[in-house]
Amino acid sequence: VKAQAEEKQDLITLTSDFGLRDYFVGVMKGVLLQQLPAARLIDITHEIPRHDVLSAAFVLKEVFPYFPSGTIHLAVVDPGVGTARRKIILKTAGQLFVAPDNGILSYILQEKDCRTYAVENTPLFPFEKSATFAGRDHFAPITALLAKGILPEKLGAEVFDAKRIEGLEPKKMRQGLVGKIIYFDHFGNAVTNLSREILGERLENPKDLRAKLKGHSIRGLQESYESGQNSGASLMINSSGLLEVFLSCENAKKILNLHLMDEILMT
Amino acid sequence: VKAQAEEKQDLITLTSDFGLRDYFVGVMKGVLLQQLPAARLIDITHEIPRHDVLSAAFVLKEVFPYFPSGTIHLAVVDPGVGTARRKIILKTAGQLFVAPDNGILSYILQEKDCRTYAVENTPLFPFEKSATFAGRDHFAPITALLAKGILPEKLGAEVFDAKRIEGLEPKKMRQGLVGKIIYFDHFGNAVTNLSREILGERLENPKDLRAKLKGHSIRGLQESYESGQNSGASLMINSSGLLEVFLSCENAKKILNLHLMDEILMT
Amino acid sequence: VKAQAEEKQDLITLTSDFGLRDYFVGVMKGVLLQQLPAARLIDITHEIPRHDVLSAAFVLKEVFPYFPSGTIHLAVVDPGVGTARRKIILKTAGQLFVAPDNGILSYILQEKDCRTYAVENTPLFPFEKSATFAGRDHFAPITALLAKGILPEKLGAEVFDAKRIEGLEPKKMRQGLVGKIIYFDHFGNAVTNLSREILGERLENPKDLRAKLKGHSIRGLQESYESGQNSGASLMINSSGLLEVFLSCENAKKILNLHLMDEILMT
């Protein structure tokens with residue numbers, strides 16, 4: 001049983017805004033491997049736009065359901081590095097997350113049976129000062145302790161106020177359903193927080209779907225990126241079941257001048 | 001014996017045009033690891049230009065001979081995602097390839113003793129609809145089944161008409177040997193389909209080698225990228241044994257305005 | 001004991017300027033895995049600027065102390081590929097480095113108890129000609145031999161003149177302490193060779209710290225990237241303990257027109 005548990009807990013994913021050009025990712029991997037020579041490290045992405053906690057939160061939301069129980073997800077997008085923001089561990093569905101308490105786990109916190117812990121300064125994990133590289137000094141070492149089988153509750157007390165980014169839920173307003181852009185993929189497609197479930201009966205007549213986004217009126221739901229050709233801004237339900245705004249073969253973000261948290265109104 | 005086979009088949013390479021910035025690669029890795037917690041995933045590249053099947057085909061051709069028997073290569077560059085294009089498995093020299101049937105395996109299909117199978121909708125692998133993310137919904141699950149030891153022939157019938165990109169072979173014309181640009185590396189060097197073997201006796205007097213490419217006349221064969229300095233467009237035999245067009249310290253693709261499948265004439 | 005040694009030596013890091021778009025990294029991984037199917041390959045970075053030996057040297061310096069004993073670091077930034085520059089193996093603190101002898105190990109050579117070996121043409125490792133891809137033809141195969149337990153001294157004679165980049169040490173001049181920019185991170189922050197130790201008592205009154213860099217006068221030491229806001233070029237001690245020049249939220253390299261080896265004068 002012990003062997004099995006160890007086998008499970010050596011799978012660690014890495015998500016950051018460190019970029020792939022420098023030594024930062026390599027250092028973090030070294031810290032993990034020095035503690036856990038058998039760890040299997042899986043890069044999710046290190047190209048999160050700098051300090052973009054919202055985009056990192058979305059990436060974690062998208063990837064974690066596909067990983068096996070026992071996976072530990074280390075996520076470091078940390079504009080508050082060097083400040084007093086907490087270091088948290090989140091446990092849900094047999095997976096663990098280690099991250100700064102800055103909203104990066106906002107979506108994961110919506111899962112059932114989440115338990116969060118704020119890591120404390122104890123002999124088990126004595127804080128070293130880290131003004132600029134908490135990934136190396138705090139988050140990777142915490143991850144290594146968890147991977148070795150230390151329970152989250154040994155590292156800190158349970159907390160119930162982990163930070164959540166506000167305004168991630170769609171709203172039903174008088175003029176219609178109001179959603180937001182919550183992610184841009186690297187093609188510039190704009191992913192919204194409007195899921196197939198929330199859109200519900202609006203999807204029954206795809207041709208009649210109508211949206212307003214920054215002065216643009218968009219009509220109809222396309223079945224693929226190709227079917228939107230020549231028709232300007234287009235809508236589709238993407239592979240995550242979310243409404244997505246795209247321009248066929250173009251960068252919608254740039255051409256339509258879109259930003260994260262821009263509102264989209266479904267009339 | 002069984003243990004050995006399993007050890008061999010847990011090595012999976014990944015090639016795609018998903019980019020490294022988003023969650024797509026992470027999701028595909030999760031799907032594989034959920035089925036095969038011990039899988040060892042090797043990224044070849046996820047920076048294939050979007051929908052560029054020809055470049056992906058070349059990358060696979062270049063890397064597969066260096067991998068050990070038992071490796072499974074998962075390759076997803078899939079402009080036809082959501083259409084009826086087939087999902088194929090190719091077996092050659094003890095290695096397996098899983099990919100859309102769109103020409104991405106064109107070069108591998110030239111190997112001896114290739115066998116190709118078109119994956120079918122069966123209880124063993126019931127298709128789920130996948131309009132936009134077949135890497136997650138189809139190709140990674142097929143790869144996982146193969147890695148678990150399921151034989152390709154259990155997943156679909158053998159086929160003999162897997163798609164090959166046309167025109168990849170050089171032609172002997174009246175005016176000379178006509179090759180094509182089949183790949184650009186990230187420095188902008190242009191790799192052609194003219195191998196050392198095909199060029200044959202033309203290489204015996206390297207100084208006399210003459211080529212015409214988009215109006216440019218190029219003369220002589222350089223021994224290295226450095227030896228071409230100050231001489232405009234230059235030719236060399238690259239590390240794969242293929243004729244390559246380069247500009248020392250410059251981007252030949254941009255400056256000479258080259259494109260994939262542009263013809264090069266050896267006079 | 002043998003099993004333990006093997007377990008240790010299958011950890012191989014990869015550092016290069018090959019970029020992530022092409023097949024070069026994949027080929028090098030294949031060569032290693034064909035020889036060592038159980039090798040665990042850790043990408044440090046493949047985005048070193050082309051032929052930038054100095055930056056590669058800094059990345060290796062930064063990452064290696066975090067890796068466990070037994071790690072083999074394969075580093076290929078090799079502007080002299082195809083020339084007679086030597087292939088060296090460096091052993092220090094239980095770790096091994098395999099690289100061209102071009103200064104890429106300059107910092108590692110400053111470690112105590114370094115031993116360096118120049119790989120020779122022997123039956124154990126018969127050189128193949130490699131005009132353009134020594135990573136595949138020389139350095140990966142050498143790495144594989146070491147990982148299999150072959151001792152460095154079996155591959156070549158010990159040498160005492162491995163190439164070191166000149167001028168990497170700060171100098172005490174009449175006008176003050178003169179350092180140099182030795183690395184730019186991908187945000188354009190400029191890392192100098194002035195360590196906390198070398199700066200010594202200059203750091204006792206952080207507000208009084210004064211530097212001159214390409215005509216810019218900089219005053220004061222910031223505690224974080226944020227604290228430098230609105231104040232033009234700023235100084236801080238970075239996560240490696242080195243003085244760093246930055247512009248808050250801007251690219252200091254571009255805006256201040258900085259280059260590697262530019263001098264910084266501490267007055």
Side-chain angles (χ1 to χ4, degrees), chain A residues 4 7-15 17 19-20 38 40-49 52 55-71 73 75 95 183-189 191 222-227 236-242 244 246 249 251, chain B residues 6 10-12 14 16-52 76-85 102 128-141 143-144 186:
Chain A
Q4 192 178 27
E7 185 184 23
K8 275 183 179 172
Q9 291 182 331
D10 70 0
L11 189 63
I12 298 169
T13 81
L14 307 174
T15 302
D17 62 351
L20 289 171
R40 288 174 306 131
L41 308 182
I42 303 292
D43 292 309
I44 301 299
T45 178
H46 299 286
E47 302 280 9
I48 298 286
D52 184 347
S55 294
F58 186 76
V59 166
L60 292 174
K61 165 187 181 292
E62 289 299 308
V63 301
F64 99 93
Y66 298 99
F67 275 84
S69 180
T71 304
H73 303 278
Q95 299 191 48
Y183 188 75
F184 293 103
D185 69 24
H186 77 293
F187 301 117
N189 301 319
V191 181
Q222 309 304 320
E223 292 218 346
S224 74
Y225 294 113
E226 280 67 35
S227 58
M236 66 177 294
I237 301 294
N238 74 9
S239 62
S240 310
L242 295 172
E244 189 170 310
F246 70 101
C249 305
N251 188 307
Chain B
E6 280 174 359
D10 70 0
L11 188 63
I12 298 168
L14 306 175
S16 81
D17 62 352
F18 294 171
L20 290 170
R21 238 210 57 184
D22 295 312
Y23 51 91
F24 309 120
V25 172
V27 164
M28 211 162 62
K29 291 178 177 175
V31 171
L32 292 166
L33 290 163
Q34 202 164 55
Q35 295 295 317
L36 300 157
R40 290 175 304 132
L41 307 181
I42 303 293
D43 291 309
I44 300 300
T45 178
H46 298 286
E47 303 281 9
I48 298 287
R50 190 182 191 185
H51 291 180
D52 184 347
V76 190
V77 175
D78 192 17
V81 63
T83 69
R85 61 95 193 84
N102 61 12
E128 290 180 50
K129 198 184 164 191
S130 182
T132 54
F133 199 176
R136 174 191 68 189
D137 301 329
H138 295 165
F139 296 110
T143 301
H186 78 294

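Just so we're on the same page: letters track the sequence lines, and every chain starts at 1. Every heavy atom of this structure was used, including side-chain atoms; hydrogens, water molecules and symmetry mates were not.
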* Please assess A/Thr13 against B/Lys29 for the test side-chain contact (heavy atoms from CB on, under 4.5 Å), listing each intermediate value before the final yes or no. => CA-CA 10 Å; A/Thr13 81; B/Lys29 291 178 177 175; over 6 Å; no

Residue [X] versus chain A: region with a heavy atom under 4.5 Å:
{"X": "B/His51", "result": "side chain"}
{"X": "B/Ala134", "result": "neither"}
{"X": "B/Phe18", "result": "backbone"}

* Asked: Say you draw a straight line from CD of A/Glu62 to CZ of B/Arg136; how long is it, rounded to the nearest 0.5 Å?
  -> 8.0 Å

* Asked: Just how far is it from atom CZ of B/Phe24 to atom OG of A/Ser240, taken to the nearest 0.5 Å?
  -> 7.5 Å

* Does any non-hydrogen side-chain atom of A/Phe67 lie less than 4.5 Å from one of B/Leu33? -> yes

* Asked: Does A/Tyr225 reach the side chain of B/Val81, with side-chain heavy atoms less than 4.5 Å apart?
  -> no

* Where the side chain of B/Arg50 meets the backbone of A/Phe187, is there a donor-acceptor pair that is under 3.5 Å apart? -> no

* Does any N or O in the side chain of A/Arg40 come within less than 3.5 Å of the main-chain N or O of B/Leu41, such that one atom is a donor and the other an acceptor? -> no

* To do: Run through A/Val59, A/Asp185, A/Ile44, A/Val63 and flag the one making a side chain to side chain contact (heavy atoms under 4.5 Å, CB included) with B/Asp22.
  => A/Asp185

Atom group of [X] that falls short of 4.5 Å from chain B, counting heavy atoms:
{"X": "A/Leu20", "answer": "side chain"}
{"X": "A/Phe64", "answer": "neither"}
{"X": "A/Pro49", "answer": "side chain"}

* For the candidates B/Gly30, B/Gly26, B/Pro79, which exhibits the highest count of non-hydrogen atom pairs separated by less than 4.5 Å from chain A? -> B/Gly30

